[in-house]
Amino acid sequence: MNSQFNLDIKNERVQFSEIEQFSVELYIKREDLIHPFISGNKYRKLKYNITEAKLLNKNTLLTFGGAFSNHIAATAAVGKEFGFKTIGVIRGEELVSKIDDNDTLRFAKENGMLLKFISRGDFRQKDSTNFIESLKVEFDDFYLIPEGGTNELAVRGCEEILTEDDKNQFDFVCCSIGTGGTISGLINSSKQNQQIFGFPALKGDFLKQDIRKFVTKNNWQIITDYHFGGYAKVSNQLISFINQFKQETTIPLDPIYTGKMMFGLVDLTKNDFFPDKSKILIIHTGGLQGIKGMNQRLKQKKLQLIH
Ligand SMILES: *Cc1c(COP(=O)(O)O)cnc(C)c1O
């Protein structure tokens with residue numbers, strides 16, 4: 001991918017009042033700064049898929065996602081930037097009349113993505129051969145990227161997140177989890193004496209099997225206590241935390257992924273989970289495009305907004 005992408009980002013030290021009396025050293029890798037729209041792990045996950053699609057002479061990318069999907073937004077932007085047509089198959093027929101009220105979908109449309117809305121029931125069948133065949137009849141030839149973007153090539157891209165220095169310096173590496181592609185790349189590229197901790201943004205017990213498809217090491221752990229009720233569910237406590245964290249550190253977090261991970265990390269630290277003097281690297285996987293849409297929902301519910 002080209003020079004518009006900012007890949008020369010130094011880890012930042014994080015100083016946060018709630019844990020200042022603990023001796024752990026926190027650093028954050030600001031992958032959210034890679035690109036305004038193709039940010040964080042979505043850049044990493046799309047990188048080799050784009051190369052592959054070009055190699056195969058495909059001119060269309062097709063993928064799946066929900067109404068707030070960072071992956072849908074990133075795929076639309078990647079398509080525009082690299083000259084692919086893009087098709088987004090979106091969960092929820094009712095959204096067809098709400099594209100312009102939804103920041104993610106509007107962004108995708110403005111970047112040239114063709115949006116096809118399907119029912120939740122059909123969406124559950126989206127990986128079946130029959131369903132994919134029907135898409136081929138409808139749209140002709142395309143390069144298929146799974147929901148959330150996770151496949152072998154995505155994992156390979158995520159193996160490039162950690163630098164050699166990171167592998168030597170840090171005891172722990174933490175990231176948020178959606179489909180498990182990002183943590184898989186981190187695990188594969190880590191040193192055996194490092195521990196990789198993943199914080200799922202959603203409920204469910206399927207993740208370990210999904211991750212084991214891509215990794216062979218066992219220096220990793222899934223921390224399931226900080227999903228806040230499920231995907232895209234938030235609480236006032238979480239929103240307050242995100243606002244306080246930004247005010248103190250200037251680092252913005254998104255409410256769906258990175259905010260939950262950071263909340264969990266701070267909570268674990270307060271509970272003496274990490275040994276003294278641990279050096280911890282946090283991966284900021286991006287996702288900031290989702291803040292506007294979440295604020296819209298919070299406003300409707302008359303709840304506190306993300307600043
Ligand atoms: C998509 C996304 C994730 C989840 O990544 P997976 O590879 O699916 O686990 C985490 N954080 C952010 C900000 C994301 O947009």
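Start at 1 and go down the list; that is how both ligands and their atoms are numbered. If you're wondering where the values come from, they're calculated on a predicted model, not measured in any experiment. Heavy atoms only: backbone and side chains are in, while hydrogens, waters and symmetry mates are out.
- Remark: ligand 1 and Asn70 share an N or O pair separated by less than 3.5 Å (distance only, no angle test).
- Close approach of ligand 1 to Gly287 is summarised as follows: ligand atoms under 4.0 Å from at least one heavy atom of the residue are 13 (C).
- Here's the thing with Asn41: one of its N/O atoms is less than 3.5 angstrom from an N/O atom of ligand 1.
- One finds a salt bridge joining Glu164 and Lys167 here, because a Lys/Arg side-chain nitrogen approaches an Asp/Glu carboxylate oxygen to under 4.0 Å.
- Counting the atoms of ligand 1 from 1 in the order shown, those under 4.0 Å from a heavy atom of Ile177 are 9 (O).
- The side-chain tip of Lys260 does not point at the ring of Phe241 from less than 6.0 angstrom away and within 45° of straight on.
- Salt-bridge formation is detected for the pair Asp210/Lys213: a Lys NZ or Arg NE/NH1/NH2 atom is positioned less than 4.0 Å from an Asp or Glu carboxylate oxygen.
- Of the protein's non-hydrogen atoms, the one nearest atom 6 (P) of ligand 1 is Lys45 NZ, 3.3 Å.
- Looking at Lys277 and Asp171, no side-chain N of the basic residue comes within less than 4.0 Å of a carboxylate O on the acidic one, giving no salt bridge.
- Residue His284 places every heavy atom at 4.0 Å or more from ligand 1.
- The protein non-hydrogen atom at the shortest distance from atom 8 (O) of ligand 1 is Thr179 OG1, 2.5 Å.
- Those atoms of ligand 1 with a heavy atom of Gly286 less than 4.0 angstrom away are 13 (C).
- Considering only non-hydrogen protein atoms, atom 11 (N) of ligand 1 sits nearest to Thr285 OG1, 2.7 Å.
- Look at Lys270 and Asp267 and you find no salt bridge, because none of the NZ, NE, NH1 or NH2 atoms lies under 4.0 Å from a carboxylate O.
- Under a cutoff of 6.0 Å and an axis angle of 45°, Lys116 and Phe142 do not form a cation-pi pair.
- Among the atoms of Gly180, some N or O lies under 3.5 angstrom from an N or O of ligand 1.
- The closest approach between a heavy atom of Lys42 and any atom of ligand 1 is below 4.0 Å.
- Not a single heavy atom of Gly40 sits under 4.0 Å from any atom of ligand 1.
- Residue contacts with ligand 1: Gly181 is placed with a nitrogen or oxygen under 3.5 Å of a nitrogen or oxygen of the ligand (distance criterion only).
- Relative orientation of the Phe197 and Phe172 rings is tilted, given thresholds of 30° and 60° on the angle between their planes.
- An N or O contact shorter than 3.5 Å links Gly178 to ligand 1 by distance.
- Residues Phe263 and Leu253 form no side-chain contact, since every pair of their non-hydrogen atoms from C-beta on lies 4.5 Å or further apart.
- Between Phe273 and Phe22, the ring centre distance reaches or exceeds 6.0 Å.
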